[in-house]
Number of protein chains: 2
Amino acid sequence: MSATIKDVALLAGVSTTTVSHVLNKTRFVAKATQERVLQAAEELNYAPSAVARSLKVKNTKSLGMLVTTTLNPFFAELVNEVEKCCYREGYNLVLCNTDGELEKTNSYLRMLTQKRVDGILVMCSAYDDSLFSSLIGQRNLPMVVMDWGPSDDYVDRIQDNSVKGAHLAIQHLIEQGHKRIAYIGGPLEKLPAKQRLDGFIEAMEQANLGVQDDWVIESDFEFEGGKLGMRQLLSCANLPSAVFIGNDAMAMGAMSEAQLSGIKIPQQLSVIGYDNCLYSAYFSPPLTTINQPKEQLAELAISTMIERIENPRQEGRMIMLEPNLVVRSSVAAVLTR
Amino acid sequence: MSATIKDVALLAGVSTTTVSHVLNKTRFVAKATQERVLQAAEELNYAPSAVARSLKVKNTKSLGMLVTTTLNPFFAELVNEVEKCCYREGYNLVLCNTDGELEKTNSYLRMLTQKRVDGILVMCSAYDDSLFSSLIGQRNLPMVVMDWGPSDDYVDRIQDNSVKGAHLAIQHLIEQGHKRIAYIGGPLEKLPAKQRLDGFIEAMEQANLGVQDDWVIESDFEFEGGKLGMRQLLSCANLPSAVFIGNDAMAMGAMSEAQLSGIKIPQQLSVIGYDNCLYSAYFSPPLTTINQPKEQLAELAISTMIERIENPRQEGRMIMLEPNLVVRSSVAAVLTR
DNA sequence: ACGTCTTTGATAGTCGCAGACAAACTTATA
DNA sequence: TATAAGTTTGTCTGCGACTATCAAAGACGT
């Protein structure tokens, strides 16, 4: 099949050791020899086998990433950032969509350990006991969890501080004069969804505003879920003046539904989202939302990962990321009358 | 570090051969022995090293996917489908975003060959000579190209028939009574962009409709590009009654911009997109667009890939996919007066 | 008791590369 | 001239799994 180091050595008239050394620059080799080797390699179109190399050096320079689904733009953007960091650091990224299925997750976990990836990034956002137990089975494998935490000292965690994000959103609405605020959120078994709800309630209470029961709606973080959530909200006897929606995808679905019902945004209904995905600047009207620092998140995840790969014997760390408000045009000021 | 086959053999009191055989079911082994082995493996949390295995069996059960950027929802959806197929077939997917940079592309190509992936899926859509020459350097590696074709008999190609898609779009507009039709497309060095433009012009000519020069705009397939394209279109002296936009991302940007300028869609301006991304059903109004059969595309790519892996010595094939029209609400009928 | 089958297990070589150890050769120094 | 020191390159083993080839043990017939 493809040429091996032996072929190169033969052609260059040196030992395989020498070839290995010039290719990896791992010891001095006379200029002339070096050139002979390089030329032989070139001539044979030689590509060193990373699999043989990995067997020897015990690392693969690849990372696995477990993510619910990249169909969600937020995850897609995050994966994109992660991939960028990986590339920069010389790693490959093995993409694993779990689709929220335990079986797929376990299967991938098995594949990844067999493939001897150097580490696993987890972004599944469900704090699910069964997943947790699958994970701890791999405890020897460096792992950083990006949105929920098995409370365990062996993995690093990065949290997005969704409670704060929700506060920011509600504060903004309140500052714009809103008092009647609804919430459409994600499934509560996902930590960010839960935190955003908690933050919403907390913020409302702090402002002495009531939260009406049928104004808090649990949905699924998807486009369609937003649409359905809005439909449900619109069926309420009285309507809020603003909605805080748990992520931008749902915000899109919700706005579409509301506008289809003839509701003007933001004049009749203000909307604020969460995530600040790329496309939220192109909604009609452009979406005011809470920004998650995705680049920073990816950056941190990878640097933490690499640090842990190089030094596995440290205790799990927990890093908190700060969200911030991005004002666009989907929130209107309420006229005080 | 982690347990090896030897450890398992030792614990089970058998030879490594036996362990290998029971794990791979490659020869009959007494039930009792089998169970001892399995139990030992379990006890040691044994995960066979795929890297050692790969070295011997000469395949890695992983595929590389070269894609411009998964930031574009169309690619994201496609990657998602591809990943699904890979999983089903027992392959891992190594995600490689090229960002359209030749250097990154080459670097990834090198990494992938070194990692000895079993094949490479290419979805870069630029028919760029330099990429082409990088690719043919890897001619021994199974490859399927999903949206443009190095005219070469060594790779398989899947084409989306964008010319036809453009025809479908324009036909639909014409049927709805439109005669004054503009076009905002992608960069012409990308084959689909070129084909969609060609199809647009062809369809217009067949209908004896003129295409006004400043109504065909070349942009970049991104959200912002759509916005800019629309801005440019709106600055024309006279406006069309409909726009065909080269992909859904640009359609989103364009619609946002138009609506910000107070133009009612579809009443004052009809819009038709291309790709039928998940989110296009949630535009305001929901986008009429040309559907690309993404699942089928992924399916075909993977099955073609696997076939070629199993039988590398066949000549390159070319498969054509058929787009279809999805009618939603962004195109209005023109009243004949 | 011996040979022949059948069933099951062991030995050793292989994949391609890295690196510890050491050899060969050159030059400087006593 | 012998020896030390330095420079450059080579030999050989092992990473962890697979697998071809052998070998042992038991069943069976004669």
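Residue numbering restarts at 1 for every chain, and letters A, B, ... go by the order of the sequence lines. These values consider heavy atoms only, across backbone and side chains, with no hydrogens, waters or symmetry-generated copies. For clarity, every value in this text was computed on a predicted model and none was experimentally measured.
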Checklist entry - Which residue pairs pass the ring pair (Phe, Tyr, Trp, His ring centres under 6.0 Å) test when at least one of the two sits in residues 3-26 of chain A, sequence neighbours left out? => result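 Listed by first then second residue: nothing to list.
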
Checklist outcome for this item: Sorted by chain and number, sequence neighbours left out, salt bridge (Lys or Arg N to Asp or Glu O under 4.0 Å) with A:Lys104 holds for A:Asp99, B:Glu83

Checklist entry - Quick one: bend of the helix from C:dA1-D:dT30 to C:dA30-D:dT1 from 5 pairs per end, to 10°? => result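 Overall, the helix from C:dA1-D:dT30 to C:dA30-D:dT1 bends by 70° from one end axis to the other.
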
Item to check | Span of DNA chain C in contact with chain B (heavy atoms, under 4.0 Å) | outcome: C:dT8 to C:dG16

Next on the checklist: Checking B:Thr60 now: which residues fulfil side-chain hydrogen bond (donor to acceptor under 3.5 Å, both in side chains) with it, not counting sequence neighbours?
Outcome noted: B:Ser62, B:Asp118

Next on the checklist: Going by side-chain hydrogen bond (donor to acceptor under 3.5 Å, both in side chains), name the residues that satisfy it together with A:Asn97, two or more places apart in sequence or in a different chain.
Outcome noted: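 Checked A:Asn97 against side-chain hydrogen bond (donor to acceptor under 3.5 Å, both in side chains); matches are A:Thr70, B:Asn80.
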
Item to check | With A:Ile5 via side chain to side chain contact (heavy atoms under 4.5 Å, CB included) - residues at least two apart | outcome: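 For A:Ile5, the residues satisfying side chain to side chain contact (heavy atoms under 4.5 Å, CB included) (neighbours in sequence not counted) are A:Thr16, A:Val19, A:Ser20, A:Tyr46.
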
Checklist outcome for this item: Under a 4.0 Å heavy-atom criterion, the protein footprint on nucleotides 18-27 of chain D, written with B, S and -, is BBBB------

Looking for any heavy atom pair under 4.0 Å, which part of the strands does [X] touch: base, sugar-phosphate only, or nothing?
X       : value
B:Ser15 : base
B:Val51 : nothing
A:Val14 : sugar-phosphate

Checklist entry - Do the side chains of A:Asn92 and B:Leu95 get nearer than 4.5 Å, heavy atoms only? => result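 A side-chain contact under 4.5 Å is absent here.
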
Item to check | Sequence neighbours excluded, every pair satisfying salt bridge (Lys or Arg N to Asp or Glu O under 4.0 Å) that has a member inside residues 292-305 of chain B | outcome: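 Output for this query lists B:Arg88-B:Glu299.
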
Next on the checklist: Enumerate the salt bridge (Lys or Arg N to Asp or Glu O under 4.0 Å) contacts for residues 2-19 of chain A, please, sequence neighbours excluded, ordered by first and then second residue.
Outcome noted: none

Checklist entry - Which pairs pass side-chain hydrogen bond (donor to acceptor under 3.5 Å, both in side chains) with one or both residues in residues 26-35 of chain B, sequence neighbours excluded? => result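 Counting only pairs at least two positions apart or across chains, no side-chain hydrogen bond (donor to acceptor under 3.5 Å, both in side chains) contact touches residues 26-35 of chain B.
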
Checklist entry - Please give, in whole Å, the distance from D:dT11 P to A:Leu10 CG? => result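 From A:Leu10 CG to D:dT11 P: 12 Å.
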
Next on the checklist: Does anything in residues 30-40 of chain A come within less than 4.0 Å of DNA chain D? Heavy atoms only, and list the residues if so.
Outcome noted: A:Ala30, A:Thr33

